[in-house]
Structures are given as structure tokens and as C-alpha cells.
Amino acid sequence: MRLSRYPINTMKETPAEAEVVSHQLMLRAGLVRRLAAGLYSWLPLGLRVLQKVERIIREEMNRAGALELVMPVVQPAELWQESGRWTEYGPELLRIKDRHERDFVAGPTHEEVITDIARRELQSYRQLPVNFYQIQTKFRDEVRPRFGVMRAREFIMKDAYSFHLDEASLQSGYRTMYDTYTRIFTRTGLTFRAVRADSGAIGGDVSQEFHVLAASGEDAIAFSDADDYAANLEAAVAAPPAQARPAPQQALRKVPTPGARTIAELARFLQVDPARCVKTLIVEGAEQQVVALVLRGDHELNAPKAQRLEGVASPLRMASAERVLQATGTEPGYVGLVGLKCRVYADHSALALADFVCGANEKDTHLTGVNWERDVTGAAAADLRSVVEGDPSPTGKGRLKIVRGIEVGHIFQLGRKYSEPMKALVLDEAGRETALYMGCYGIGVTRIVAAAIEQNHDERGIIWPAPIAPFQVVLVALNLQKSARVREVSDRLYAELTAAGIEVLYDDRDARPGVKFADAELLGIPHRLVVADRGLDAGRLEYRQRRDSASTEFPADGALAFMRARLGT
RNA sequence: CGGAGCGUGGCGCAGUCUGGUAGCGCACUUGCAUGGGGUGCAAGGGGUCCCGAGUUCAAAUCUCGGCGCUCCGACCA
């Protein structure tokens with residue numbers, strides 16, 4: 001591609017709307033343009049990256065035996081009513097009416113449509129297992145779209161759905177997709193990690209996420225330094241402490257603690273370690289009563305874990321100050337365990353404490369020397385907290401480390417969640433009707449592009465991993481307007497490399513060298529060739545990789561062979 | 001949905017408090033010079049100052065209403 005015929009519009013200044021570096025660079029490099037909140041156009045250069053990613057996905061899905069199809073973006077409401085999600089999905093589901101006032105949705109996902117296809121097309125166990133996928137636009141009416149294409153309302157997703165006769169087949173299909181995803185993300189050249197997304201079924205691979213590791217990631221993931229345990233922080237299991245609880249030493253004592261509402265204030269006031277304090281959080285219960293959740297002072301409540309507990313409202317809601325007063329007789333900040341009437345869940349590590357500090361259910365007052373059994377009874381043990389760096393791995397091997405990631409893939413075993421209400425049945429070997437088992441597997445295609453930039457950039461711009469770079473080589477011709485020799489050599493080189501199947505972005509603009517170098521680096525093309533009189537005098541060209549800080553020279557004659565060697569083709 | 005902020009050529013901003021000819025930098029066009037790291041000089045083109053109503057001799061500026069966008073939080077994946 002000749003840059004003189006390619007209307008790129010690079011920007012020196014960062015548009016004010018862009019907060020994260022991938023969004024800034026995508027705008028500055030002219031990959032995307034915003035049309036409205038969460039809606040982006042992909043300009044030619046950005047589309048090339050997107051298509052590289054899609055190609056890798058397609059090749060690996062096909063290799064795994066999945067079958068590509070395309071389903072409509074606009075879907076009839078009836079299907080969503082049938083699955084129950086017309087009412088369950090909430091305002092993220094964009095509902096639209098056609099000219100006859102009939103209800104439709106702009107598809108945020110396609111379980112309903114694919115299940116409808118499955119129940120029509122699949123009649124026999126002989127047709128199973130089967131996996132259908134598509135690469136297609138989704139619409140989710142996000143409350144707050146942000147970070148450019150990272151959390152857009154309209155985005156491209158690869159979604160796949162597998163159908164099986166039984167659970168064993170589902171698990172095997174799920175493992176195949178796990179392996180396929182691993183190959184896909186490996187091939188994109190990104191550093192990633194597969195993590196457990198759900199701890200509900202112990203040891204079961206019911207749902208896993210694939211994260212591109214980047215400091216700016218929205219998710220925290222925990223992994224063991226000694227084995228392959230890795231989980232989203234939301235789902236990471238905090239192992240109960242190994243040591244038994246020490247015997248009580250101190251007597252229960254009430255102490256005045258004026259103004260000490262937070263654990264930090266309390267610890268400072270009493271000169272005790274926050275890890276020897278206990279915090280009692282009052283949350284709304286599933287019915288009328290509130291529920292108390294007890295954590296060690298230095299630990300954080302994990303909402304997904306808490307809202308799974310019996311009797312706790314889901315989604316989790318903290319009780320209002322009035323409700324706290326009503327239930328405990330005091331205000332938040334002084335709530336404690338002794339004499340507490342409501343249902344109590346205590347985190348394992350809080351339960352392991354002896355002689356600890358907690359609120360006295362009385363303003364400006366706490367208790368010290370509190371002990372389980374002796375002073376407090378009836379607390380149920382639970383895993384309530386988020387793990388922290390250095391916690392023992394729940395597998396028993398190693399300690400947990402925490403890094404940040406961007407979720408780019410998610411695989412689920414759905415079981416019969418859709419097939420039963422939507423009556424997707426086949427006949428088994430014995431001629432009996434049986435509901436299909438189903439798995440679903442998503443990849444955020446547009447998000448991968450942003451994640452790639454988050455993970456690979458420097459102060460000059462993008463540094464594309466080679467497999468998804470829009471072009472392999474940028475050919476920078478210096479002063480070609482004046483130098484017939486430079487123009488001739490560059491034109492010839494461009495033609496030669498292009499004919500050899502190499503994707504070359506040829507900067508043949510009448511621009512100063514500095515402009516061309518700066519743009520080449522902003523655009524992040526992995527390999528750069530420079531043609532200039534200075535080198536040609538010695539019969540040489542110049543080569544440099546995007547990550548390198550210095551160039552090397554090589555004989556101009558052998559350019560094609562030289563580049564082939566660099567590209568490994 | 002709660003809180004905060006911002007809407008002025010394509011982009012980044014000043015001007016608004018204190019009403020009086022719509023500006024600067026980048027980008028764009030043309031010319032000359034320059035030609036290895038966003039070059040210099042000169043001449044240009046391009047703006048319903050988000051929209052509507054009001055106040056006023058006069059509104060980018062003041063008042064009211066609306067719309068859009070961004071950030072933080074909540075929510076969601």
C-alpha cells in the first residue's frame with residue numbers, strides 16, 4: 001500500500017476523550033473513529049488488524065472442527081421470552097420495534113437463536129456433537145461505555161455454541177475449545193493466562209476466562225507460583241488457615257474508642273495490628289432480616305462469594321445506616337459480634353483469630369479480648385474475602401500472586417439451561433427424547449486489538465505483535481521527490497516485496513524524514529526499511545525492528561532474501 | 001442511576017468571571033527554501049461558538065430549558 005494513496009490522519013495530540021493508552025493510540029494512529037458513545041468506525045488500517053485476528057480465530061476454530069455460520073443481529077422478542085431472558089436480561093438488552101410494532105432485540109449474544117437452529121436442525125444423537133460459530137457484531141447497551149473499543153456498545157465477537165448428547169461429551173467439547181483458545185491466543189502473539197471464573201463447582205472447569213495480561217487491565221487475577229492454579233480474583237478461593245485457633249488468653253473488655261469508625265482508625269487508636277481486628281459488615285438478606293458478614297480487618301469482602309451464600313440478597317447490597325441501627329443498636333463503625341441477633345457468616349481467617357478486637361454495638365466503643373465460642377456463638381464458616389498477594393494457593397501448592405488482565409475470552413458449560421425451556425431435543429440411541437447439553441465460547445475480537453496495544457506500546461506508539469500487525473514492513477523512502485535514485489530503488493523494492501507476498505506499507509509521501517519516522521513508530525509496523533541516498537552511495541539499505549533502538553545496514557541487492565529471513569517466511 | 005466536569009474550524013485549547021470586529025497551536029491548500037527524527041518563511045481556505053427560548057441597542061459571554069460528551073461511583077461482562 002502506498003501511503004500517498006492511503007488517507008491516514010495521524011495526530012500529534014491526544015484527543016481529550018481518550019483515557020486509556022490503547023484508545024489514545026488507536027485514535028492517534030487512525031485505526032478507529034468514534035461515531036457516538038460506544039460506537040466506533042474501523043478505518044482501513046484498523047480493519048486490517050481486525051481481519052488478522054479474525055483469520056487466526058477462523059483457522060483455529062475450523063481446525064477444531066467447528067462450523068461457521070452467521071445469525072441475524074436483529075432477533076424476535078418471542079425467542080427471548082421463551083428463554084426467560086426478555087425479562088431477566090435488563091436494560092443492557094436493546095429492545096426495538098419494527099413498523100408493525102412488533103418487538104425485537106439487537107442481539108447481545110446468540111444463545112436463543114442458535115438453540116432455535118439446533119432444535120430445528122438436530123434430531124438425532126448421530127448428528128452430535130456439533131459446534132457452530134460466527135464472527136459477528138453484538139450490541140450491548142452498556143451503562144457506561146468507556147475505554148474506546150475495549151468496552152464499546154457495539155463490538156465484534158466470535159461466539160461458538162456446541163451441542164452434545166451428554167455431559168461427558170460436553171466436557172470433552174469444552175476441553176477442545178480450551179485447547180483451541182490457547183492456540184488462538186498463543187498465535188496472536190499476546191501474553192495471556194486462562195483462569196477459573198467460577199468456584200461454584202469445586203474443581204470443575206465450568207467456566208474459564210482468558211485474560212491478556214496488562215497493567216491497565218480491569219480485572220485482577222490470582223495465580224499460584226507453584227502450580228497451574230489461576231482464577232479471577234472474584235472467584236479465587238481463599239484457603240482456610242492451616243493452624244488451629246489458639247486458646248483464649250485475654251478477658252473480654254469494653255474500651256472507649258471515640259471517633260474510631262474504620263479499621264485503620266481503630267488500629268491506630270488501640271495500637272493493634274488490623275489483622276487482629278474483625279469487621280462486621282451488615283448486608284441485606286434475601287428476606288426481611290439483615291445478615292452479618294465477618295472479616296479480618298485487613299481483608300476485603302468479595303461480593304460474588306457473599307451473594308452466593310444462603311440468605312444473602314443477590315446482588316449484594318450493603319444495609320443502610322437505619323437498617324444497621326435497627327439490627328445492632330448502633331451505627332456502622334461500631335458494629336460487633338457479641339450479642340448480635342442476626343444470621344452471621346464469618347470468614348475462615350476471621351474464625352482463626354483469638355483475643356481479637358471488634359465493635360461493641362455501642363457508639364464510640366469497641367471490645368478487646370473477644371473469643372469465638374466463649375463470647376460469640378452461632379457463626380457459620382464461609383469463604384467471604386478476596387484473596388491477597390501471598391495467600392496460600394487453595395491447591396495447597398505455592399502462594400498466590402496477583403496480576404491484572406483484560407478478559408478477551410470466556411468459555412462456559414451451559415448444560416441444559418437453554419435446551420430445556422426451548423425444547424431443543426434429540427432422540428438418543430434408545431429412541432428417547434433428550435434435551436441437548438450445550439457449551440458456549442466467546443472471544444472479544446475488537447477487544448483483542450485494544451488489549452494488544454495495552455500490552456505492547458511505548459512512548460512513541462503501538463508495537464504490534466507480528467501476527468496481527470496491519471502491515472509486516474514499512475518502507476520509508478527519504479527525499480524521494482528530489483532523488484530519482486531513491487524513488488527508483490524504493491518503487492522496485494516495493495514491487496518486489498509485494499510480489500513475494502509481503503505486506504508492505506510504502507511511505508512515498510512528500511514529507512520530511514522526521515514525519516515518516518514518527519508515523520512509522522506510531523503505527524507500530526514491526527519491520528522498517530529505509531531507502532535513502534546516504535545508504536545507496538554505499539549500495540546499502542537500512543533495517544530496524546520496531547522494538548530496537550538502533551538500525552543495521554545490509555546490501556541493497558539482497559533485500560528480498562534479507563526480509564524473508566527476518567520475517568521467517 | 002448518584003456525583004463532578006466539559007461542549008468554540010478535523011484535533012488540542014484560549015476567550016465566558018467583567019456582553020461590544022471569533023482567536024492561538026497542530027492539521028489542510030498554494031508558493032519558495034529545506035531534505036536522516038514532527039523544518040523554515042510567506043500567502044490562503046475552513047467556525048450554525050451544541051440546540052432552543054429569554055434579557056439587552058448588542059450574547060460564545062448573562063438567565064432558563066433541552067441535548068450531547070467525558071470522568072468518578074454504583075451496575076454489568
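Each chain gets a letter, A, B and so on, in the order its sequence line appears, and its residues count up from 1. Computed from heavy atoms alone, side chains included, the values below leave out hydrogens, waters and symmetry copies.
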Next item on the list: For A:Arg460, report the nucleic acid contact type (base, sugar-phosphate, nothing); a contact means any heavy atom under 4.0 Å.
Entry: base
Checklist line | Under 3.5 Å donor-acceptor pair, A:Asp510 side-chain atoms to B:G35 base atoms | finding: yes
Next item on the list: Describe the nucleic acid contact of A:Arg140 in one word from base, sugar-phosphate, nothing, applying a heavy-atom distance below 4.0 Å.
Entry: sugar-phosphate
Check: Taking the side chain of A:Asn479 as its heavy atoms from C-beta onward, which of B:G35, B:A77, B:G37 lies nearest to it?
Finding: B:G35
Next item on the list: Pick base, sugar-phosphate or nothing for A:Ala532, based on heavy-atom distances below 4.0 Å to the nucleic acid.
Entry: base
Checklist line | Cation over ring face, A:Arg566 and A:Phe562, 6.0 Å, 45° | finding: yes
Next item on the list: Could you check A:Pro513 against A:Glu407 and say which one's nearest nucleotide on RNA chain B is further toward the 5' end?
Entry: A:Pro513
Notebook entry, point to check: Which part of the nucleic acid, if any, lies within contact of A:Asn232, taking any heavy atom under 4.0 Å across all strands shown: a base, the sugar-phosphate backbone alone, or nothing?
Noted result: nothing
Next item on the list: Go through the steps to decide whether A:Glu111 and A:Arg85 satisfy the test salt bridge (Lys or Arg N to Asp or Glu O under 4.0 Å), and finish with yes or no.
Entry: CA-CA 10 Å; A:Glu111 281 85 2; A:Arg85 289 207 291 185; 2.8 Å; yes
Detail all sub-3.5 Å separations between protein N/O atoms and N/O atoms belonging to nucleotides 22-31 of chain B.
from  : atom 1 : to      : atom 2 : distance (Å)
B:G25 : N2     : A:Glu13 : OE1    : 2.8

Check: When all nucleic acid strands are considered with a 4.0 Å heavy-atom cut-off, which category describes A:Arg153: base, sugar-phosphate, or nothing?
Finding: nothing
Note to self: Taking any heavy-atom pair under 4.0 Å as a contact, classify A:Asp533: base, sugar-phosphate, or nothing.
What the structure shows: nothing
Check: Taking atom P of B:G37 as reference, at what distance in whole Å does atom NZ of A:Lys516 sit?
Finding: 14 Å
Check: How would you label the contact of A:Arg509 with the nucleic acid (heavy atoms, under 4.0 Å): base, sugar-phosphate, or nothing?
Finding: nothing
Notebook entry, point to check: Hey, does A:Arg447 reach any base, or is it just sugar-phosphate, or nothing, if we go heavy atoms under 4.0 Å?
Noted result: nothing
Check: How would you label the contact of A:Glu218 with the nucleic acid (heavy atoms, under 4.0 Å): base, sugar-phosphate, or nothing?
Finding: nothing
Next item on the list: Look at the rings of A:Tyr181 and A:Tyr441 and say which category their plane angle falls in: under 30° parallel, 30 to 60° tilted, over 60° perpendicular.
Entry: perpendicular
Margin query: Using 30° and 60° as the class boundaries, would you call the ring planes of A:Tyr178 and A:Phe210 parallel, tilted or perpendicular?
Written below: tilted
Notebook entry, point to check: Rounded to whole angstrom units, what separation is found between the NE2 atom of A:His23 and the P atom of B:C71?
Noted result: 9 Å
Next item on the list: Look at all strands and tell whether A:Thr14 reaches a base, only sugar-phosphate, or nothing, counting heavy atoms closer than 4.0 Å.
Entry: sugar-phosphate
Check: Using a cut-off of 4.0 Å on non-hydrogen atoms, how would the nucleic acid contact of A:Asp141 be classed: base, sugar-phosphate, or nothing?
Finding: nothing
Next item on the list: May I ask you to verify whether the side chain of A:Arg528 and the base of B:G37 hold a donor-acceptor pair under 3.5 Å?
Entry: yes
Next item on the list: With heavy atoms under 4.0 Å as the rule, sort A:Ala518 into base, sugar-phosphate or nothing.
Entry: base
Item checked: Centroid-centroid under 6.0 Å between A:Phe163 and A:Tyr437 rings -> no
Margin query: Considering every strand and a 4.0 Å limit on heavy-atom distances, what is the contact class for A:Glu209: base, sugar-phosphate, or nothing?
Written below: nothing
Note to self: Side chain of A:Lys482, heavy atoms from C-beta onward: which of B:U34, B:G37, B:G12 has the nearest atom to it?
What the structure shows: B:U34
Notebook entry, point to check: Base, sugar-phosphate, or nothing: which does A:Gln481 touch, judged by heavy atoms less than 4.0 Å apart?
Noted result: nothing
